[in-house]
Number of protein chains: 2
Amino acid sequence: MNLKELSHKLGLSPTTVSRALNGYPEVSEATREKVVAAARRHNYQPNTKAIRLATGRAMAVGHVVPLSNRHEIVNPIFADFIAGAGEMYSRAGYDLTLSIVPDAQETRTYRELHSRGTVDGVIVHSPLENDRRIALLQELEIPFVVHGRATGSELPYSWVDVNNRRAFKRATEFLLDLGHRRIALINGLEFMDFAIRRRRGYLDALEGHGLPADPDLMVSDEMTETHGYRHAQRMLARPNAPTAFLCSSMIIGLGVRRAIEDAGLKMGRDISIIIHDDELSYMRNGDDVPIFTATRSSVREAGRRAATMLLGIIAKTSPSPSHELLEADLIIGQSTGPAPKAP
Amino acid sequence: MNLKELSHKLGLSPTTVSRALNGYPEVSEATREKVVAAARRHNYQPNTKAIRLATGRAMAVGHVVPLSNRHEIVNPIFADFIAGAGEMYSRAGYDLTLSIVPDAQETRTYRELHSRGTVDGVIVHSPLENDRRIALLQELEIPFVVHGRATGSELPYSWVDVNNRRAFKRATEFLLDLGHRRIALINGLEFMDFAIRRRRGYLDALEGHGLPADPDLMVSDEMTETHGYRHAQRMLARPNAPTAFLCSSMIIGLGVRRAIEDAGLKMGRDISIIIHDDELSYMRNGDDVPIFTATRSSVREAGRRAATMLLGIIAKTSPSPSHELLEADLIIGQSTGPAPKAP
DNA sequence: TCAGGTAACCAAACCGTTTTGAATTTTGCA
DNA sequence: TGCAAAATTCAAAACGGTTTGGTTACCTGA
């Protein structure tokens, strides 16, 4: 059933039927009701392809998830982020077009997405330091929102981000207040923006307490259980071992916890851990009581915010460079305690 | 730059230019070269919206990922699956349209995807026992491929699946051969098809050895670290504790390992673990040496296969009900060893 | 030389909507 | 009652490609 058939059945012109269904005012209520009823009765669904061509809008948002050749990892938070964003899109009648692209082809992907008119806007994932995508998208004049920020990019652009710096500063201060002085940072790869900011927050706090940063206590690596384990194990084996760990993800935290227990120590008593918890649906930090003390911020909520922002920019109801900085909560769990007395 | 402009620049008709670019034979080589060169020079990209309307094909595949209200979990394997599938789509010039939908709206989503012509085919994720989606899609006549199978569905349909039953049978037999007699199964939720098959494989092996199945050694739950930990802890505390665990995911395995170590036991010596390893990019089972003995099967590869199969069905070059059963490898890691002698 | 075939190209129709500009009907008011 | 204004409705033109059904020019062979 298409518009022409439907309008023919009703003895009306396609124009009127289209207007009736799209809520235009220049159609009488009586007619509108008739049309709506008939549309429903015949299960008329307007053809997306035609709408898109006629309106020029793609009614779709693109998510371009980079797949780094270097580490071949699909960002594990993106599933939840997209779940949040998708909620908003479907509410607004938009589709979500997903491209997972090796970073070498990224530029081409954006260019094509634009010149072929496949999407009306784009969400940028995993921004790096001085991310060149921002300049590219600005040049192409595609509406876009970055999930995160790109340190070093001086151009204005829209983003939704967690206050990583403040979160890690606060977490570090919390540990300092508990008497910890040797605090390790097990961070993500530091060409990713969030990792840079987290380190900065960590350093801010140390500096604020007049403590020097020990390069041996800071690592930047892929965020896997194994890496968490290895780095923690190595650090714990050293003469001047840390008494606390700050971990950039839950999964690292699991590895660190294992290293602690392997060393015959007890987490929360001998060694403290704070993780950053993205509230991933398949990786909960305990159900009722949190396992780890954590800086917590929902990635799914970030997805919702970013989507809403982008839709606003596309509809031109939001100002074009918009920003949203989400604050992380500090959740106290069982993984932190006062620093043990020096022996 | 659109087709009309380009053809005007070339002094040719849109027809000829379109044909030249799409490789039709009724255009001279000389002309084709000129056209291709001009298209490249002016960076002409045909408008997706117009192609779609003109050809009637959506040039897009839909992935509908159910979001269960019951457990609110986005399937964590779907990111890697989609990474594999996406590779194939972009090669074929297809887009990937993603819908993450609360399962209550699933039916409606499929119906609309079809009647509005948004996609040419669909991948069905996380099939359940007697999944009603299969009948629905068949009725709607949308080409589709299921990732997994739906026990109880007697209609023929296309799928790509791992031989979960055989994998878990083999893993159980491996443990039996090592002398284990009390083997626990920490499974996923058993309304999901894969979990049903895994349990069946496990039971097959026990039965093959004339061993009774102990209901106390079988649990079915969400696959989280915490649940792995809790269930293992509970089982280990019992008088007749298991000497080996079979875990439906890596993440469960991490929890079980923690419970083992918490109990002062050593994995691989006192208690054995075998996990199923989907080779998720962000959750590697060790880098060089596997941590866990595992039944291994790449979810990303499954994504590639499913996508290829679906594209074939859409293009009508593949038979419509096609099947692909992937065998899992049994990888020997450090988490298994001979059953300890009874005290 | 001419009929018939073929290679190369083109005009116009089509895909199913929205939107523009105009025509028709109804209403309100003098 | 008549007429301008407002309310409805409609025909036709987009949107930007593909496809159908020709047309033209050039060969080929009798």
Participant: Does A:His125 have its ring centroid less than 6.0 Å away from the ring centroid of A:Phe81?
Facilitator: yes

Participant: Does a side-chain N or O of B:Ser18 approach OP1 or OP2 of D:dT18 to a distance below 4.0 Å, or not?
Facilitator: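 True: B:Ser18 side-chain N/O within range (under 4.0 Å) of D:dT18 OP1/OP2.
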
Participant: Give the first and the last nucleotide of DNA chain C, reading 5' to 3', that has any atom under 4.0 Å from a heavy atom of chain A.
Facilitator: C:dG16 to C:dG21

Participant: Residues from residues 51-62 of chain B sitting under 4.0 Å of DNA chain D, heavy atoms only?
Facilitator: B:Ile51, B:Ala54, B:Thr55

Participant: Is there a donor-acceptor pair under 3.5 Å between the side chain of A:Ser18 and the backbone N or O of A:Pro14?
Facilitator: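 Judged by distance alone, no pair lies under 3.5 Å.
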
Participant: In whole angstroms, how far is the P atom of D:dT19 from the CG atom of B:Leu21?
Facilitator: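 Going from CG in B:Leu21 over to P in D:dT19 covers 13 Å.
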
Participant: Closest heavy-atom contact between A:Leu10 and A:Ala38?
Facilitator: CD2-CB, 3.8 Å

Participant: Mind jotting down which residue pairs meet the ring pair (Phe, Tyr, Trp, His ring centres under 6.0 Å) criterion with at least one end in residues 14-56 of chain A? Sequence neighbours excluded, please.
Facilitator: none

Participant: Restricting both atoms to N or O, compile the protein contacts to nucleotides 6-10 of chain D shorter than 3.5 Å, with distance only.
Facilitator:
residue	atom	partner	partner atom	Å
D:dT9	OP1	A:Thr31	OG1	2.9
D:dT9	OP2	A:Ser28	N	3.4
D:dT9	OP2	A:Thr31	OG1	3.2
D:dC10	OP2	A:Ser13	N	2.8
D:dC10	OP2	A:Ser13	OG	3.3
D:dC10	OP2	A:Thr16	OG1	3.0
D:dC10	N4	A:Arg19	NH1	2.9

Participant: For A:Thr97, enumerate each residue passing the side chain to side chain donor-acceptor pair (under 3.5 Å) test, keeping only those at least two apart in sequence or located in another chain.
Facilitator: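 Per chain and number, A:Thr97 pairs via side chain to side chain donor-acceptor pair (under 3.5 Å) with no residue.
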
Participant: Would you say B:Ser13 and B:Thr16 are linked by a side-chain donor-acceptor pair, where the criterion is simply a distance under 3.5 Å?
Facilitator: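 Their side chains do contain a donor-acceptor pair, which is all the 3.5 Å distance test asks for.
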
Participant: Can you run down the salt bridge (Lys or Arg N to Asp or Glu O under 4.0 Å) pairs that involve residues 130-146 of chain B, sequence neighbours left out, and say none if there aren't any?
Facilitator: B:Glu106-B:Arg133, B:Arg111-B:Glu139, B:Asp131-B:Arg133

Participant: Identify, with sequence neighbours excluded, every residue that meets side chain to side chain donor-acceptor pair (under 3.5 Å) alongside A:Ser322.
Facilitator: none

Participant: Roughly how bent is the helix from C:dT1-D:dA30 to C:dA30-D:dT1 end to end, in steps of 10 degrees, with each end axis from five pairs?
Facilitator: 50°

Participant: Quick check: on DNA chain D, is the nucleotide nearest B:Tyr24 upstream (toward 5') of the one nearest B:Lys49, or the reverse? Name the residue that is more 5'.
Facilitator: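 Checking each residue's closest nucleotide, the 5'-ward one belongs to B:Lys49.
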
Participant: If you assign each of B:Ala50 and B:Arg32 to its closest nucleotide in DNA chain C, which residue comes earlier from the 5' end?
Facilitator: B:Arg32

Participant: Rounded to whole Å, how long is the line connecting atom CD of B:Gln45 with atom P of D:dG16?
Facilitator: 15 Å

Participant: Just jot down the ring-ring contact (aromatic ring centres under 6.0 Å, His included) partners of B:His114, sequence neighbours excluded, or say none.
Facilitator: none

Participant: Going by ring-ring contact (aromatic ring centres under 6.0 Å, His included), name the residues that satisfy it together with B:Tyr110, two or more places apart in sequence or in a different chain.
Facilitator: none

Participant: Restricting to side chain to side chain donor-acceptor pair (under 3.5 Å), what partner residues turn up for B:Asp161, sequence neighbours left out?
Facilitator: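 Side chain to side chain donor-acceptor pair (under 3.5 Å) check on B:Asp161 returns B:Arg149.
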
Participant: Can you tell me if the side-chain N/O atoms of B:Asn47 get under 4.0 Å from OP1 or OP2 in D:dC15?
Facilitator: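 No, no such contact exists.
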
Participant: ring-ring contact (aromatic ring centres under 6.0 Å, His included) with A:His323: which residues, sequence neighbours excluded?
Facilitator: A:Trp159

Participant: Between B:Lys49 and A:Gly56, is there a donor-acceptor pair closer than 3.5 Å when you use the side chain of the first and the backbone of the second?
Facilitator: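 Side chain of B:Lys49 to backbone of A:Gly56: a pair is present.
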
